[in-house]
*Asks:* 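Before I ask anything, here is the structure I am working with.
Note that the coordinates shown come from a computational prediction; the quantities given were computed from them, not determined experimentally. We count ligands from 1, going down the list as the structure has it; atoms in each ligand are counted the same way.
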Amino acid sequence: MSLDKTYKLVPGTTVFDAEQSAKGYHLNQFCMSLMTAENRAAYLADERAYLDSWPLREEQKQALLDRDLNAAVREGGNIYFLAKWGATLGFSFQQMAGSMTGMTEEEYRAMMVGGGRSVDGNRIDHAVLEAAHADPTPPAEHAVITGAVFTSHVPAIGAAMDHEKTEEPYWRPVFEGYAFSREWERENVPDVVFLVYNDHASAFDLSLIPTFVLGTGAAFPTADEGYGPRPVPGVEGDPDLAAHIAHSLVRDDFDLTLANELTVDHGLTVPLSLMFGDVEKWPCRVIPFHVNVVQYPVPSGARCFELGRALRRAIESYDRPLKVQVWGTGGMSHQLQGPRAGLINREWDNAFLDRLVEDPADLARVPHLEYVEEAGSEGIELVMWLIARGAMSDVDGSGEVEVKHRFYHVPASNTAVGHLILENHPRAEEPAVKE
Ligand SMILES: O=C(O)c1ccc(O)c(O)c1
């Protein structure tokens with residue numbers, strides 16, 4: 001067992017983590033369906049038929065038909081979701097909890113009235129815990145970050161590709177700036193891209209404004225942004241690596257929102273099109289990572305940079321030999337609103353690129369106000385580049401980065417296009433470890 005999952009040693013207890021959540025996804029969603037009177041009536045009319053209409057494993061259906069909550073929990077059920085099922089059948093929380101203990105309802109109730117179950121005799125076997133700490137076997141192999149890609153994600157670039165305008169004089173210089181990048185990607189195909197972007201009021205409206213969202217699902221359909229979904233391949237996720245990253249980042253105090261279902265807009269699909277071209281299928285899995293830069297307060301550059309550092313520890317502690325690229329997207333200078341719309345600041349943008357390469361820790365100290373004043377209201381997207389930069393091994397002195405490509409062009413629609421590829425060359429074979 002990995003040392004950070006020692007909660008598995010607590011006897012008689014199943015901690016509901018990402019692993020359990022993935023196992024019980026449909027079971028728990030089935031439970032949620034019982035939150036309407038109509039669905040409860042349908043369930044009670046024919047339990048088997050209702051269960052058969054859900055993509056559940058037979059073990060999950062049988063657990064419910066047998067009223068075996070231990071089996072349901074083992075199968076990934078979470079008690080707060082199962083409570084909806086219990087309420088449908090008329091069970092209280094006390095009846096449900098008691099049913100898992102091997103006691104009769106009366107015995108369990110009496111135990112609770114008598115002060116509840118004692119923790120004595122119900123603790124972890126500390127000899128096993130100490131043995132786990134004494135021998136923290138490092139994984140024989142681990143994922144590596146091979147590089148970082150930084151690029152603007154202007155929707156008009158996607159439209160130019162989708163409508164075959166890339167050879168037009170307006171667009172040709174933009175796409176020429178990515179010719180090297182496509183070749184580089186062909187020679188350095190990653191297994192997974194961890195793609196930092198912002199959703200633009202597509203998946204998230206004002207009913208939910210999470211700061212950081214990690215896509216933990218298996219697939220991410222293309223969003224319809226008002227002109228129909230872009231005709232690009234769907235995005236395949238990596239739920240297992242994403243769950244590992246979630247676990248590691250939350251343990252490093254980055255309180256994420258996890259999305260098992262998420263549509264992805266131009267912020268994510270345009271960088272994929274730019275880097276991989278017009279393809280039938282993206283050549284790798286993609287883990288989307290959304291950062292709120294739409295409604296203030298938005299995270300600082302410093303917070304994004306620290307998140308990138310934690311992301312490297314997360315990726316490099318994953319025990320599979322995957323090649324992972326981290327992409328930071330959005331920017332460069334642009335302002336899409338108000339009398340100052342059309343603002344472009346070549347000097348500031350190019351200084352940003354210089355500092356991103358040479359001294360990212362110093363660049364991370366730049367306050368929001370400077371981004372907005374110098375790079376325009378939407379130029380704030382550039383804080384996301386600091387996540388990808390923070391994930392490079394030179395940041396903590398354990399490796400070096402090599403600039404493979406740099407490109408800058410004005411304009412693409414209202415925006416300055418900036419692009420950088422950094423290869424990551426960690427010195428040691430050892431993965432980054434927690435400080
Ligand atoms: O320049 C533009 O047209 C434009 C529009 C929307 C965006 O999200 C963006 O980054 C640029």
*Asks:* Scan W385, Y197, F276 and name whichever one has a ring pair (Phe, Tyr, Trp, His ring centres under 6.0 Å) with W327.
*Replies:* F276
*Asks:* Taking it one step at a time, do Y408 and D349 satisfy side-chain hydrogen bond (donor to acceptor under 3.5 Å, both in side chains)?
*Replies:* CA-CA 9 Å; Y408 184 79; D349 284 346; 2.5 Å; yes
*Asks:* For E236, what residues pass the salt bridge (charged side-chain N to carboxylate O under 4.0 Å, His left out) criterion, not counting sequence neighbours?
*Replies:*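 Scan of E236 (salt bridge (charged side-chain N to carboxylate O under 4.0 Å, His left out), adjacent residues dropped) gives K281.
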*Asks:* Give the numbers and elements of all ligand 1 atoms closer than 4.0 Å to a heavy atom of H200.
*Replies:* 8 (O)
*Asks:* Looking only at protein heavy atoms, identify the closest one to atom 1 (O) of ligand 1 and say how far it is in Å.
*Replies:*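 The answer is T415 OG1, 2.6 Å.
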*Asks:* Report the nearest protein non-hydrogen atom to atom 10 (O) of ligand 1: residue, atom name, distance rounded to 0.1 Å.
*Replies:*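 For atom 10 (O) of ligand 1, the nearest protein heavy atom is H334 NE2, 3.0 Å.
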*Asks:* Tell me, do T329 and N198 make a side-chain contact under 4.5 Å, heavy atoms counted?
*Replies:*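 No, side chains not in contact.
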*Asks:* Suppose we measure from atom 8 (O) of ligand 1 to each protein heavy atom; which comes out shortest, and what is that distance?
*Replies:* H266 NE2, 2.9 Å
*Asks:* Does ligand 1 have an atom that lies less than 4.0 angstrom from a heavy atom of A156?
*Replies:* no
*Asks:* Considering only protein heavy atoms, which is closest to atom 2 (C) of ligand 1, and at what distance to one decimal place?
*Replies:*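 It is N414 ND2, 3.2 Å.
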*Asks:* Between F175 and W171, how do the two ring planes meet: parallel, tilted or perpendicular, split at 30° and 60°?
*Replies:*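 Ring orientation, 0 to 90° scale: tilted.
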*Asks:* Side chain, backbone, both or neither: which part of E378 has a heavy atom under 4.0 Å from ligand 1?
*Replies:*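 Within the 4.0 Å criterion, E378 makes no contact with ligand 1.
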*Asks:* Do the side chains of E59 and Q62 get nearer than 4.5 Å, heavy atoms only?
*Replies:*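 In short, these two side chains do not touch, never coming nearer than 4.5 Å.
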*Asks:* What atoms of ligand 1 come closer than 4.0 angstrom to any heavy atom of S413?
*Replies:*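 So the atoms of ligand 1 that pass are 1 (O), 2 (C), 3 (O).
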